[in-house]
Each structure stands twice: as C-alpha cells, then as structure tokens.
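Structure first, commentary second.
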Amino acid sequence: MASVGTPPSVAGKVMAILEAFAPGGVRLTLTEICRRASLPLATGHRLVGELTAGGFLERLSDGSYRVGMHLWRIGAQASAATALRELALPHMEDLYEVTHENVQLAVLNEHKALYLERLRGPRSVPIVTRVAAELPLHATGVGRVLLAFSSDEFVDGVLAEGLSPHTPHTITDPERLRACLAEVRRVGYAVTSEEMTLNSYSVAAPVRDAGGGVLAAMSLVTRRQGADLRRLVPAVLTATRALSRDVIAHGGSTEWRDLA
C-alpha cells in the first residue's frame, strides 16, 4: 500500500493532465496544464509531449494544446451517453425546427449539469454552453430540472457548496431556490431568466425512464425580450415527452442511470 505523500503514478499524472481540460479551457498552455494538474513543468512537458505524439492532445500553432482527435474518438464511444444522445437528436432537431432557438440536452454529473448535445442556429442568442461543458445546477434551466427531481440529500449537498452568482439575476438564496425547485416539481418544467447569461431565457423539462425517474433534461434557450411561455413551454414538453417514450421503448432504465 502506498504511504501518505507518495507521488502519483504515471497513470495518475496522465489522468491529471487530461482532467485539466475538463473545466473548460478548450486551449491551454503548458504552464496552465501543469498548474491545473499540479505537476512540475519538466514532468508536464514530457508527458504532454507523449500525449501529443499519440494523438490524445493536439499542439496548436500558438503553442497551446487542446484535446486531440484520438481522445475524442475514444470518448465518443461512451455507451450510455451516446445512446441517449442518438435517441435525443431527432427530438432536438424537431424542437429546433419549431423554434429556431438553442436546444440543449444535459445530465447530472456530480454537482454539475453535463451537456451531451447542443443545437443552435445563426439567429440563436449567444450562450456559454458547449458539448461536454459542465455548468452549475442552480443557474441553468436544465440544471434546475435535474436538481428539482434529485433527492433531498443531493439538494442539501449542492446548497452546502454555496450558490455562486453568474449574473445579477442568479438566485443565490437557498430558501428561494428551494421554493423554485418545489415549483418545478409542481408544474413539470423550469424557467430561468438571465441567471447564467444576460439576455437569455430558458425553459427546460425532464426526460424520464420507465420508472418515472429523471435521466436528463432538455431545454430551449432564447432571448429574454419577447420570450413567450405559451409557445415555448408546450414545445419543450412535447419534445421531452416524446424522448421519454423513446427511452422507455429502448429499455432505458438501469443502464441509463450510469450517466449520472
């Protein structure tokens, strides 16, 4: 058994380097990678070089690095996420055709909303979401849905970490958020206004399995000005209910739970 203070193994160092790209930073310098991975520069330089040679990382013309195609191809084979994404895409495309707004699909990943897919058009409101991004549960439409249908213990854990403000409109008061979650459970969908991005308005609803559990959430994100709940809510609910039926028809239950 390794003693306390034993340096991480080579595998641990490599995982730390790859994990450095998880929080965002599509492009990172070697110094940024080493800082995020808590590695000496010399060690990081050697391992990043090997990962780049193997296609797991890609070195760009400005000297920064991003995830390489080889790693992307391996990651794209994650079975449960891929299966759900493939089932969801036709319904997301239908929702986009009806609204021409941003359409997003997300699942729980620890205390974050992990985005599996996003569709947007040239006229869609700019948002921070990208595929594989993780965003806070309390400040996003999909996150609000995923949080609302989680256990009390899970909600308590999220609240204990604190509710950081992302705009002046983000709900950061725990009791106010609990009231919002109760309303989501009552009406079956969530609405957020400028809580993650200014000038954005989100409507999200749950995707359910055969037992009624919530596997994922799908949302529309549009401009706040002119957002019409009478049009947006039925469109989102129609899409999520149709996807839920597909999930059930394809036997989605235990396997799909592995997404979270």
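No experiment lies behind these values; they were computed from the predicted model shown.
- How far NE2 of H169 is from CD of E194: 4.0 Å, rounded to the nearest 0.5 Å.
- Here the straight-line distance linking atom CD of E101 with atom CZ of R223 works out to 7.5 Å at 0.5 Å rounding.
- Atom NE2 of H100 has more than 12 heavy atoms from other residues, nucleotides or ligands within 6.0 Å.
- Looking at Y96 and R120, their side chains never come closer than 4.5 Å, going by heavy atoms from C-beta outward.
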Considering only distance and modelled atom types, tabulate donor-acceptor pairs under 3.5 Å from the side chains of residues 229-238, sequence neighbours left out.
{"from": "R230", "atom 1": "NE", "to": "D228", "atom 2": "OD1", "distance (Å)": "3.3"}
{"from": "T238", "atom 1": "OG1", "to": "P234", "atom 2": "O", "distance (Å)": "2.8"}

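- Annotation: side chain of E195 is in contact with side chain of R144 (closest heavy-atom distance under 4.5 Å).
- Counting heavy atoms from C-beta on, the side chains of N102 and L119 never come closer than 4.5 Å.
- Note that CG of D246 is 10.5 Å distant from CG of L84, once rounded to the nearest 0.5 Å.
- When all heavy atoms of A205 and G188 are compared, the pair lying nearest together is CB-O, 4.0 Å.
- Taking a cutoff of 4.0 Å between a charged side-chain nitrogen and a carboxylate oxygen, D152 and R178 do not qualify as a salt bridge.
- Side-chain contact between T170 and M196 is absent, with no heavy atoms from C-beta onward closer than 4.5 Å.
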Sequence neighbours excluded and cut-off under 3.5 Å, please list the side-chain donor-acceptor pairs for residues 135-143, or say none.
{"from": "H138", "atom 1": "NE2", "to": "S164", "atom 2": "O", "distance (Å)": "2.8"}
{"from": "T140", "atom 1": "OG1", "to": "P136", "atom 2": "O", "distance (Å)": "2.9"}
{"from": "T140", "atom 1": "OG1", "to": "G143", "atom 2": "N", "distance (Å)": "3.1"}

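- Here CG of L108 is found 12.0 Å from CZ of F149. Values are rounded to the nearest 0.5 Å.
- Hydrophobic clustering of Ile, Leu, Val, Met, Phe, Trp and Tyr side chains at less than 4.5 Å, counting indirect connections, keeps V98 apart from Y201.
- Here the closest heavy-atom approach between residue A216 and residue V107 is recorded as CB-CG1, 3.7 Å.
- Put simply, the residue from V14, L28, L30 that forms a side-chain contact (heavy atoms from CB on, under 4.5 Å) with V48 is L30.
- Taken from CG in D209 to CD1 in I248, the straight-line distance is 7.0 Å, to the nearest 0.5 Å.
- The shortest heavy-atom contact between R224 and S193 is CD-OG, 3.4 Å.
- Here the closest non-hydrogen pair linking P206 and S244 is O-OG, 4.2 Å.
- Note that the CZ atom of R208 and the CG atom of L243 stand 12.5 Å from one another [nearest 0.5 Å].
- Within the 3.5 Å criterion, the main-chain N or O of L95 finds a donor-acceptor partner in the side chain of T99.
- With a 4.5 Å cut-off on side-chain heavy atoms, V184 and C180 do not count as touching.
- Considering every non-hydrogen atom in both F21 and R66, the closest pair reads CE2-CA, 3.7 Å.
- A continuous path of Ile, Leu, Val, Met, Phe, Trp and Tyr side chains, each step under 4.5 Å between heavy atoms, connects V207 with V187, placing both in one hydrophobic cluster.
- Residues L105 and A88 approach most closely at CD2-CB, 3.5 Å, considering heavy atoms.
- Residue-environment remark: CD (Q225) stays at or below the threshold of 12 foreign heavy atoms within 6.0 Å.
- The cluster map of Ile, Leu, Val, Met, Phe, Trp and Tyr, joined by side-chain heavy atoms under 4.5 Å apart, puts V10 and I17 in the same cluster.
- L198 and V221 end up in different hydrophobic clusters when Ile, Leu, Val, Met, Phe, Trp and Tyr side chains are linked at under 4.5 Å.
- Between L57 and L18, the closest side-chain pair of non-hydrogen atoms falls below 4.5 Å.
- Both L41 and I33 are members of a single hydrophobic cluster when ILVMFWY side chains are connected at heavy-atom separations under 4.5 Å.
- Annotation: R176, atom CZ; neighbour count of heavy atoms from other residues, nucleotides and ligands within 6.0 Å does not exceed 12.
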